[in-house]
Amino acid sequence: MSSKPSIPKGTRDFSTDEMLKREYIFETIKKVFRLYGYQPIETPAMENLTTLLGKYGEEGDKLLFRILNSGDFLSSVNDEEMGRRDTGKISSKICEKGLRYDLTVPFARYVVQHRDEIVFPFKRYQIQPVWRADRPQKGRYREFFQCDVDVIGSDSLLNEYELIKIVDDIFSRLKIATVVKINNRKILAGIAEFIGEPDRIIDITVAIDKLDKIGMEAVNAELTGKGLSAEAISNLQPVLQLQGNTEEKLSRLAELLVNSETGIKGISELRTLFEFIGGSALNCEVELDLTLARGLNYYTGAIIEVKSKDVSIGSICGGGRYDNLTGVFGMEGVSGVGISFGADRIYDVLIQLNLFSELKVSSTEVLIVNFGEKETKYALSILDMLRSFDVSAEFYPDSVKLKKQMSYADAKKIPYIIIAGEDEISKSIVTVKNMSTGEQKTIALKDMKTFVADEIKKSE
RNA sequence: GUGGAUGUAGUUCAGUUGGUUAGAACGUCGGAUUGUGGUUCCGAAGGUCGCCGGUUCGAACCCGGUCUUCCACCCCA
C-alpha cells in the first residue's frame, strides 16, 4: 500500500452534500447578477506573472502561487545566480506563469485585450476559484471561489448604488443579515493630505482600519512605529474621533478637509451615493465607516465591505471603484467599479446559522429495483417512461439482494421505489413503495402518468 | 512570514509512571430475512498509533525534525 492520499494545504474536496449547498449559493448569486443585466465571462486559472505582479502590493506578490516553467527551466539560470540562492531573482527566471489571485485584475486584462468586441459600459460577472499562498485558518483557504460583478467604462455613481442593491438582494435571498460598510478612498487620501503625510496613505489607512479592533492608542502607537510625526498623529485625532450619523460625519469631515480637493470630491461622491441609498428600501444596514481601508491598492473611489451580523468570519463580500486598473495594461481613462462575493465564507455563515436545513438532499425521486437479466428490459422501459415525465429516476445497476438496494435508496433519501419482478411484468404493472410511509401500491403502466402527477410531483 | 495547539480503524474519540496481543461507538461487510429499507439480534473485516530519526532491554506514550489541521498575528473573500 502506498501512503495515505492527501490534498495540498488549504484546499478542500467538496462532497455531494456540500456541492448541493454550494450550488444553491452560486445559483442564487448568478440569478441576481443576471437580473441586474450582467453577463458571464471566464478567464484562465493561470495568468502570466507580468499580469499579476505589482497589482496587489508587496504582500500580494508574496501570496501569488507561481508555476514552474516546463522543460529545462534551469538552463536560464547561471551558476553565479544559483550560488547566491536569491529565491526571488531565480523564481522570476524560472516561473513566468502564476495562479490568479483574484478576478479583478484578470478582468482588467480581459477588457484591454478584448476592447474591440466589448460594448461599454461593460457589465460582467465571473464565478471562478482563485488561489492565495496564505496560511489557512478559520474562513481562510488557499483555494476559494469568488463571485465578481463589475461595471467598467462608466463613472456614474449609479453603478456603486446598483452594486449595493445587488448585495442587498443576494443576502436577502440567502437570508443572511448583513452590514454594508462604505468608505471612499479619496477621503482617506484627503485625510493623509490634511495631516501633512500625503505619501503615507497606505500606512495610515491600514492602521486606522484596525481602530475598532485594537483601539485608538494602539493605532497611534502603530503610526508612530511607522515613522509618522507626532504632529501628523495629533492632527489625525479629530478624524478618528468623528461621531454621529452619516450626514454629521460627512459635514464635519467637509470642514476638516476643506483644503483638500480630493477629500472634498470624496465627500461629495459619498453624499450622492447615500442619497441614492436613502431613496431605496433595503434590508441590510448601510453605514459610513471611515476606518474601512481595504488592502488592495488599486481602489480610488468608493470602498465597500459586507459583514454578517450574526457570524464573525471577516468580510463575506468586498469591493470598490478603481479608476485606472486597465491603465497598466495600456488602456487609459477607463473607470470601473465592482464587488466580490466570497462563496466559501458565505457557505460557512449559512452552515453556522443552519440555513441549509430545508435544502433537498437527494435529487433522485424514484429508484427501480434490479431483479436480474430477465426483468431488466421491463425496468429500462419504466425508467425511460419516468424520465419522459420529468421524474428523476435511476435503475440499480446490479441485481443484488433487495435489502441492499433498499438500503441504498434509504441512504440516498430516495422517496419512492419501484419493484417490477415477474408478477408485475406479467400483469403490466409495477409495485410502488413510498419510503417514508412504507405504504405500497400497484400501478398499471397506463396509469403511471397520473400517478406521477398526483403523487410524486405533488410532494415536491 | 511569526507564535501556539493538534494528529490513534473509513469517521468521532479512549488508551494507566514507557511494559505481553492498541480499545469503544458509529459506519462497512456477512447472517437472522433468496420480493421489502429505516428498528432489533448475532458475527466478521478493518491500525506502519501522521511521517523520519533519536533515547531505551522495550515507545502510541519521552526527545528532535518534518508535514497536516486548527487558533492568533500580518494580511485578506
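Numbered from 1 within each chain, the chains take letters A, B, ... in sequence-line order.
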[atom1] gap between [N] and [M], integer Å:
N	M	atom1	result
B:U21	B:G58	P	15 Å
B:G3	B:G65	P	12 Å
B:A22	B:C13	C1'	14 Å
B:G23	B:A60	P	13 Å
B:C26	B:U40	P	9 Å
B:U68	B:G4	C1'	16 Å
B:U56	B:G19	C1'	12 Å
B:A14	B:U39	C1'	28 Å

Just checking [X]: base, sugar-phosphate only, or nothing, at a heavy-atom cut-off of under 4.0 Å?
X	result
A:G57	nothing
A:G372	nothing
A:G421	base
A:G60	nothing
A:S340	nothing
A:D134	base
A:I316	sugar-phosphate
A:E422	base
A:E143	nothing
A:C317	sugar-phosphate

Rounded to whole Å, how long is the line connecting atom [atom1] of [X] with atom [atom2] of [N]?
X	N	atom1	atom2	answer
A:Y299	B:A77	OH	P	7 Å
A:K403	B:U34	NZ	C1'	13 Å
A:K401	B:C29	NZ	C1'	10 Å
A:Y141	B:C70	OH	P	7 Å
A:W131	B:A77	CH2	P	17 Å

Can A:F371 be called stacked on B:G35 when the rule is centres closer than 5.5 Å and an angle between planes below 30°?
->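 A:F371 ring does not meet the centre or angle cut-off for B:G35; no stack.
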Is it true that [X] and [Y] make a salt bridge, defined as a side-chain N closer than 4.0 Å to a carboxylate O?
X	Y	answer
A:D423	A:K427	no
A:D348	A:R345	no
A:K309	A:E285	yes
A:R140	A:D134	yes

Between A:K9 and B:U68, is there a side-chain N or O to OP1/OP2 distance below 4.0 Å?
->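 Answer is yes, contact under 4.0 Å.
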A:K62 side chain near B:C74 phosphate (N/O to OP1/OP2, under 4.0 Å) =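 For B:C74, OP1/OP2 do not have a side-chain N/O of A:K62 under 4.0 Å.
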Would you indicate whether A:M46, at its atom CE, is surrounded by more than 12 heavy atoms from other residues, nucleotides or ligands within a distance under 6.0 Å?
->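 It does not: A:M46 CE has 12 such atoms or fewer within range.
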Between A:V105, A:L53, A:I67, A:L52, which is the residue that forms a side-chain contact (heavy atoms from CB on, under 4.5 Å) with A:E47?
->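 Output: one option passes, namely A:L52.
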Ring-face cation of A:R124 near A:Y110 (centre distance under 6.0 Å, axis angle within 45°) =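 Because its charged atom misses either the 6.0 Å distance or the 45° angle limit, A:R124 does not stack over A:Y110.
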Among the nucleotides [options], which one has an atom lying closest to any side-chain atom of [X]?
X	options	result
A:R140	B:G37, B:C74, B:G35	B:C74
A:Q137	B:A72, B:U36, B:G35	B:A72
A:F144	B:A77, B:G35, B:A72	B:A77
A:K404	B:G35, B:C29, B:C76	B:C29

Assign each of A:E59 and A:I7 to its nearest nucleotide of RNA chain B by heavy atoms, then name whichever residue's nucleotide is nearer the 5' end.
->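 The 5'-side residue here is A:I7.
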Let me know, please, whether A:L63 or A:R135 comes out on the 5' side of the other along RNA chain B by nearest nucleotide.
->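 Here A:R135 is the residue nearer the 5' end.
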